[in-house]
Amino acid sequence: MLRAGGTAVDAAVAAAFAAFVVEPVLSGPLGAGVMAVADPGRAPVYLDGVPKTPRAKRSEADLDLETITVDFGADTQDFHIGAATIAVPCLIPMLLSAQAQAGRVPLADLLAPAIRHAREGHELSALQAKLVTLVAPILMADQASRDLFMAEGALLGSGARFANPALGDVLDVLSHEGARFVTDGEIAALLRDLPGHHIGPLDRAAPAERAALTVTRRGTTVALNPSPSLGGLSIALALSALPPDPDPAEIARGFAEIDRIRRTFDTAAEFAAAFPALARSLQEALAAPAAIRGTTHISVIDGAGAIAALTLSNGEGCGRMLPGTGIMPNNMLGEEDLLPGGPLSWAPDTRLSTMMCPTILRRGAEAVALGSGGSSRIRSALTTVSLALIDRGAVLESAIAGPRLHAEAGRLSFEDTGGEAWRETLLAEDPEARVFPEPSVFFGGVHAARASATAREAVADARRDGWAVTG
């Protein structure tokens, strides 16, 4: 799309629709997304396409709701699925609104590659096949989904031909009719007809535009997704409080304390209001001796220097296909990261929070657009990579490939790829830490583009089968 004369937003939107086709476990048209957009010399703005909660809850006896467990190998995570976990989507209106404002390529041309891949099929990559296996209990919960992801009684494996012609047809109609086809037309009607959900005829969710949350660390300005994003607030707190060039134990301790602090607030707004005091108190705490979901990301910088960083999620999918569309809606009301009180703990008609945090780093003439998938691990992945870039001056490739760690709910997890000192330091911090012997999809996938006065580069994370292209 860039070579065809499109903008960064054109390229990001086209890639998003392609992701709906080729990364169906990680993203979907009825999922969520956040896009950071920045023109040269202008402050970034954030476009929020995260779903809202319905206006009213239905009786629990009438709901379609179940719990499944995903096994990541060294860790497991519970997810709630069923039609009762679907939040009111607004991703498509956000994408098409952004493209109408900042794009140049006709919508039909933007969607053409995604439509072609959906109808003709493509080879399932090794990672996508692995993700299909990981979330098999979700994909096997509905006959239409089984028909899509199975062949001859077995799950599709690496190299299998994966096609979704029904989704291709939906995208074809969307390319001509626009967002209304999803928000008020046939797709909306099919969503309301699913049994066992909360969504009513008056439920609507419009995208929102917000100024970036910004922090400065060692001369680099960092733009982050503002409240109601928990991810942006958590990363900002870490970058504000961690000491210069922190060692692994300090990073782990910081992540653990931020996670503890976050859980003391009922809403992201309360967290945001307390932010300045929290940054000071966390700095003091870290100076003291230590005490003994599915997501994808696209980063684009175009030839004019405009930036679009877009993170997408479908949760893990609700386990129910929208009849005849090839679309599995989100399960955002079943995300424990967002609703730790359970899938019925939400307040009505409220924008959901999110860990998604497309990020823009700027220092002088240099800009880096980055983001990550990885559910609750988004905040630790982006903080770790940002620290490497800002504090250690690491090149983009080594910052992304470097070892990761994550602390949550009193538990430390890390990749055993940082050498003996790294391992010993973290095991001293938590002798019962879960150790991943190699880079893992569990820790997300940071995909980034960098532009300076003299160079352009793009680097993708092998943990999530990333792909990068320049020139």
Side-chain angles (χ1 to χ4, degrees), residues 72 74-79 213 215 217 222 224-243 246-293 335-342 345-347 352-357 359 372 374-387 403-415 425-436 442-444:
F72 289 96
D75 198 8
T76 61
Q77 189 170 359
D78 288 338
F79 298 105
L213 167 65
V215 296
R217 183 178 176 91
V222 184
L224 300 159
N225 192 15
S227 177
S229 167
L230 289 169
L233 289 164
S234 299
I235 295 166
L237 193 53
L239 294 179
S240 298
L242 286 167
D247 65 32
E250 290 171 318
I251 297 173
R253 204 174 308 141
F255 287 171
E257 181 63 9
I258 290 167
D259 180 65
R260 186 197 65 77
I261 290 170
R262 181 179 65 84
R263 292 169 185 271
T264 65
F265 293 93
D266 291 330
T267 67
E270 293 174 358
F271 191 1
F275 181 86
L278 290 174
R280 289 192 298 271
S281 65
L282 184 58
Q283 284 175 328
E284 295 171 359
L286 294 178
I292 300 300
R293 243 182 225 224
E335 287 275 344
E336 291 192 351
D337 294 332
L338 307 181
L339 295 169
S345 64
W346 44 271
L352 285 167
S353 184
T354 179
M355 285 297 171
M356 293 187 292
C357 189
T359 300
S372 179
S375 188
S376 63
R377 281 79 67 191
I378 289 173
R379 61 181 185 267
S380 52
L382 291 177
T383 300
T384 302
V385 173
S386 296
L387 288 171
R404 301 270 173 81
L405 62 89
H406 178 73
E408 183 173 4
R411 301 178 297 180
L412 175 63
S413 304
F414 68 89
E415 293 173 338
T425 299
L426 291 174
L427 287 176
E429 187 72 18
D430 182 0
E432 297 183 359
R434 287 157 302 175
V435 181
F436 289 71
F442 176 79
F443 292 94

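Model, not experiment: these values are computed from the prediction.
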**Request:** Look up atom CZ in F255 and atom CG in L405, then write down how far apart they are to the nearest 0.5 Å.
**Result:** 5.5 Å
**Prompt:** Are R253 and E250 close enough for a salt bridge, meaning some N to O gap below 4.0 Å?
**Reply:** no
**Item:** For the student: nearest non-hydrogen atoms of D430 and G410, plus distance
**Value:** OD2-O, 4.5 Å
**Item:** Heavy-atom closest contact (L426 atom, L412 atom, distance)
**Value:** O-CD2, 3.7 Å
**Prompt:** Is a side-chain N or O of E415 found less than 3.5 angstrom from the main chain of P403, in a donor-acceptor match?
**Reply:** no
**Message:** Measuring from atom CG of L237 to atom CG of L224, what distance do you get when rounded to the nearest 0.5 angstrom?
**Reply:** 11.5 Å
**Complete:** For R404 and G444, the nearest pair of non-hydrogen atoms, with its separation, is NH1-O, 4.0 Å
**Prompt:** Roughly how far, to the nearest 0.5 Å, is the OG atom of S413 from the CZ atom of F443?
**Reply:** 5.0 Å
**Pairwise side-chain contact, L242 with R217, heavy-atom cut-off 4.5 Å (strictly under)** = yes
**Asked** Got a second to check how far L230's CG is from I378's CD1, nearest 0.5 Å?
**Response** 11.0 Å
**Request:** With side chain to side chain contact (heavy atoms under 4.5 Å, CB included) as the test, would you mind laying out the steps for S227 and F275 before giving the verdict?
**Result:** CA-CA 11 Å; S227 177; F275 181 86; over 6 Å; no
**Prompt:** Is a side-chain N or O of T354 found less than 3.5 angstrom from the main chain of S229, in a donor-acceptor match?
**Reply:** no
**Message:** Quick one, H406 with S376, criterion side chain to side chain contact (heavy atoms under 4.5 Å, CB included). Give me CA distance, side-chain angles, the key distance, then yes/no.
**Reply:** CA-CA 9 Å; H406 178 73; S376 63; 3.8 Å; yes
**Asked** Can you check whether N225 reaches I235 side chain to side chain, under 4.5 Å on heavy atoms?
**Response** no
**Asked** When rounded to the nearest 0.5 angstrom, what is the spacing between CZ in R379 and SG in C357?
**Response** 11.5 Å
**Message:** Just verifying a value: how many Å separate S380 OG and I258 CD1, rounded to the nearest 0.5 Å?
**Reply:** 10.0 Å
**Asked** Which pair of heavy atoms, one from A268 and one from L233, lies closest together, and at what distance?
**Response** O-CD1, 3.6 Å
**Fill in**
Closest non-hydrogen contact found for F271 with F265 is N-CD2, 3.8 Å
**Fill in**
Shortest non-hydrogen pair, G232 vs L213, comes out as O-CD2, 3.8 Å
**Prompt:** salt bridge (charged side-chain N to carboxylate O under 4.0 Å, His left out) with R263: which residues, sequence neighbours excluded?
**Reply:** D259, E408
